[in-house]
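The block underneath contains the structure these notes are about, expressed in structure tokens.
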Protein chains: 2
Amino acid sequence: MNRKITLKQIAKELDVSISTVSKALKDSPEISDDTKQKIQAFAKLYNYKPNNIALSLKNRKTNTIGIIIPEIVHHFFSKVIRGVELVANQRGYNVIIGLSNESFSKEVINMEMLANGSIDGFIISISKETQQLQDYHHLTATINQGMPIVMFDRVVSEIECDKVIVNDFNGAKNAVEKLIENGCKSIALITTKDYVSVGKLRTQGYIDALSEHNLTLESNLMLKMDDTLDYEEHLDLLESEITQLFKSNQKIDGVFAVNELYALSAMKVARKLGLSVPEDLQVIGFTDGVLSKHATPGLTTVSQHAQQMGEKAAHLLIDKLESENTDQEEEYQTVVITTDLVERESTK
Amino acid sequence: MNRKITLKQIAKELDVSISTVSKALKDSPEISDDTKQKIQAFAKLYNYKPNNIALSLKNRKTNTIGIIIPEIVHHFFSKVIRGVELVANQRGYNVIIGLSNESFSKEVINMEMLANGSIDGFIISISKETQQLQDYHHLTATINQGMPIVMFDRVVSEIECDKVIVNDFNGAKNAVEKLIENGCKSIALITTKDYVSVGKLRTQGYIDALSEHNLTLESNLMLKMDDTLDYEEHLDLLESEITQLFKSNQKIDGVFAVNELYALSAMKVARKLGLSVPEDLQVIGFTDGVLSKHATPGLTTVSQHAQQMGEKAAHLLIDKLESENTDQEEEYQTVVITTDLVERESTK
DNA sequence: TTTTAACACGAAAACGTTTTCGTGACATAT
DNA sequence: ATATGTCACGAAAACGTTTTCGTGTTAAAA
């Protein structure tokens, strides 16, 4: 077992000082060519690599960014991570993940665990519970310590930091308008309770689209699900509620759902009730998921470009980290990623 | 901006030595109660938390584990990560991720980047390219440095380390036997080329099941896809090959696919060809994914218990890390996670 | 021959901890 | 009055780097 070699060991072995070794390995002009050659050869032979931890301590910079997300088994979030990791790697950073599991306390603990020197900055999408409690002290505390944060997707306007969001409002509005163009007269909405920021915005997009096209807004066409539970867990409840919705509003000919699973459930229920998609009922979802692509019929969705969000968030964070020396007036930007409507078979 | 406070600053502020502060915060009996109270109060006020990097350097232990996977936008791998993160957090560890993106060189670079002190040990599932090249020097080098590795899913027998695998052979065999029990007489296999270890094992399970039940093995019923490309990318090719398979073997009444997408494609093609599932054709896939659950009809699959694999891998690694002091003879174990057949609507 | 400058290297501090060991002050025992 | 012991704390080393500054040696310039 050849444990990693250190400068000190090389120095001892070659009978020079640690400083000399360090300089030689950096090709410093201070060191004679002879000595450099000798040291570099030795270092190569023993596969010397500087210890990251020591470097981090010395430089007060870990070159690691932390990403805190509510859930990883989720197409959207894993795509964001992929984007973050991609950019981080390109720019010489590592990525450390923390899962809040939609819990406020786990989010706080995770952040505190990482904020003590392990990372240089955060990329975070806050948990539903945090959104509900509206307690953001962990975020402000972190920012106050001089550690930059980039929020994405689920952001909160009170917090001053860089943000990457999707144009939820417009994406939803466009989707609903598409349904209207396609001839839908009675469009249902399946959404979450209002405390989920993105759900709220998408709902607003639905409302605006209807009103702009002079369609009356009927509250019994709007199904607001309690999103505290995990999707999968309340699938049965979801389906029965949708069944109820369809049965009591037979004229429904279009559905806009704020996420993939809601849309899929709508299609499933429709099939059960003998409605064919898209002939009798057109459905549009909101997501970046695989389910939409492989569903039958393929689900038309508003694509969020999750990976792009991750990439952008990583760039913003690293830019901030690397400009930090220049103590200019802090300026935060909010980048809006535009959505696309991916048309598949669930719309005409 | 209140930058994090250090022991040194507290010491200076309270006019005591650094050692005294450190001891006081650890409630050492060496320090008088008066002094302790004073220091602890001050530390609490300024929210002192020890710097992780400094601790890591001092203890030569980072309490961080690295996980290297080929891809994160993948239900199986993200579930594994969830399992790893869960256990790691419980046991006081952080998780840092590296994506190889199925590339050998990215896998090597990622590992080298982390092996220089950033982490205490690895959990890894190697890339397809690594499997093809059969070049494992980065793994052996890491192990030689005294850094423990736990391999999961895609393991290689030549490397001596702890492993967590799924019983691919048995899982596949059981699946095929299920098809046989259900009356299938002509069962097709959709698999990958043999260098993918798990694909090979699952193929073997298929072969064994057939032979044990006296069904003749027909090579033209076995479709071996080139798995170098990303699934999504060669979807068209996949579908045309499957179409070919079905057209030239009209007697096929069962399909066993070694992953989710292959199985779904089989169902899709079947539908196009006017075959109804499960009446004319029964299909079983292999995976832990969401697609199977939400497909129509629901896909019967061999479940891999990905999260459990992640949990087990994390436990194995941390156990090894925390017993490392006792320099007993190295003993490695291979944990086999048993698969379950999840029956849905694609089988009778 | 003396001064100056270039050269090649080493000592030491610093990053933030923990921990071992040493020591001065005081109280108790002889 | 001296020896012994306890108490409460500080100095310093160590983890592995980088970097500034100092210094001894040699060669060139005066």
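Letters A, B, ... mirror the listed sequences (proteins, then strands); counts begin at 1. Quick caveat, the model's predicted, so the values are computed rather than measured.
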Among residues at least two apart in sequence or on other chains, which ones pass side-chain contact (heavy atoms from CB on, under 4.5 Å) with A/R91?
A/V87, A/Y93, A/H315, A/I318, A/D319, A/E322
Checking A/D27 now: which residues fulfil salt bridge (charged side-chain N to carboxylate O under 4.0 Å, His left out) with it, not counting sequence neighbours?
A/K36
Boundaries of the DNA chain D segment in contact with chain A, non-hydrogen, under 4.0 Å:
D/dC15 to D/dC21
Using atom types as modelled and distance alone, determine if a side-chain donor or acceptor of A/S28 lies under 3.5 Å from a backbone N or O of A/A24.
no
Please find the pair of heavy atoms, one from A/K106 and one from A/S100, that lie closest to each other, and give the distance.
CB-O, 3.4 Å
Please give me every residue in residues 109-119 of chain B whose heavy atoms get under 4.0 Å of an atom in DNA chain C, ordered by residue number.
none
State, to 0.1 Å, how close A/I65 and A/I119 come at their nearest heavy-atom pair, and which atoms those are.
C-CG2, 4.1 Å
Report the residues that fulfil side chain to side chain donor-acceptor pair (under 3.5 Å) with A/T35, sequence neighbours left out, ordered by chain and then residue number.
A/S32
By nearest-nucleotide position on DNA chain C, the 5'-leaning member of B/L55 and A/S17 is A/S17
Just checking B/L7: base, sugar-phosphate only, or nothing, at a heavy-atom cut-off of under 4.0 Å?
base
Quick note, side chain to side chain donor-acceptor pair (under 3.5 Å) partners involving residues 150-166 of chain A, not counting sequence neighbours, are A/E102-A/R154
If an axis is fit to five pairs at each end of the helix from C/dT1-D/dA30 to C/dT30-D/dA1, what is the angle between the two, to the nearest 10°?
80°
Ordered by number, residues from residues 24-42 of chain A within less than 4.0 Å of DNA chain D (heavy atoms) are A/K26, A/E30
Using a heavy-atom cut-off of under 4.0 Å over every strand shown, decide if A/K8 touches base, sugar-phosphate, or nothing.
sugar-phosphate
Heavy-atom closest contact (A/I18 atom, A/A11 atom, distance):
N-CB, 3.8 Å
Got a sec: does the NZ of A/K49 have more than 12 other heavy atoms crowding it under 6.0 Å?
yes
What contact category does A/T6 fall into here, base, sugar-phosphate, or nothing, at under 4.0 angstrom with non-hydrogen atoms?
sugar-phosphate
Contacts of B/S103 meeting side chain to side chain donor-acceptor pair (under 3.5 Å) (sequence neighbours excluded), chain-then-number -> B/S105
Test side-chain contact (heavy atoms from CB on, under 4.5 Å) applied to A/T62 - qualifying residues, sequence neighbours left out
A/S56, A/T64, A/D120, B/I53
Determine which pairs satisfy ring-ring contact (aromatic ring centres under 6.0 Å, His included) with at least one residue from residues 18-63 of chain B, sequence neighbours left out, and list them in order.
B/F42-B/Y46
Starting at the 5' end of DNA chain D and moving along, which residue's nearest nucleotide shows up first, B/N59 or B/V16?
B/V16
Of all pairs that satisfy ring-ring contact (aromatic ring centres under 6.0 Å, His included), the ones with a partner from residues 113-156 of chain A, not counting sequence neighbours:
A/F104-A/H138
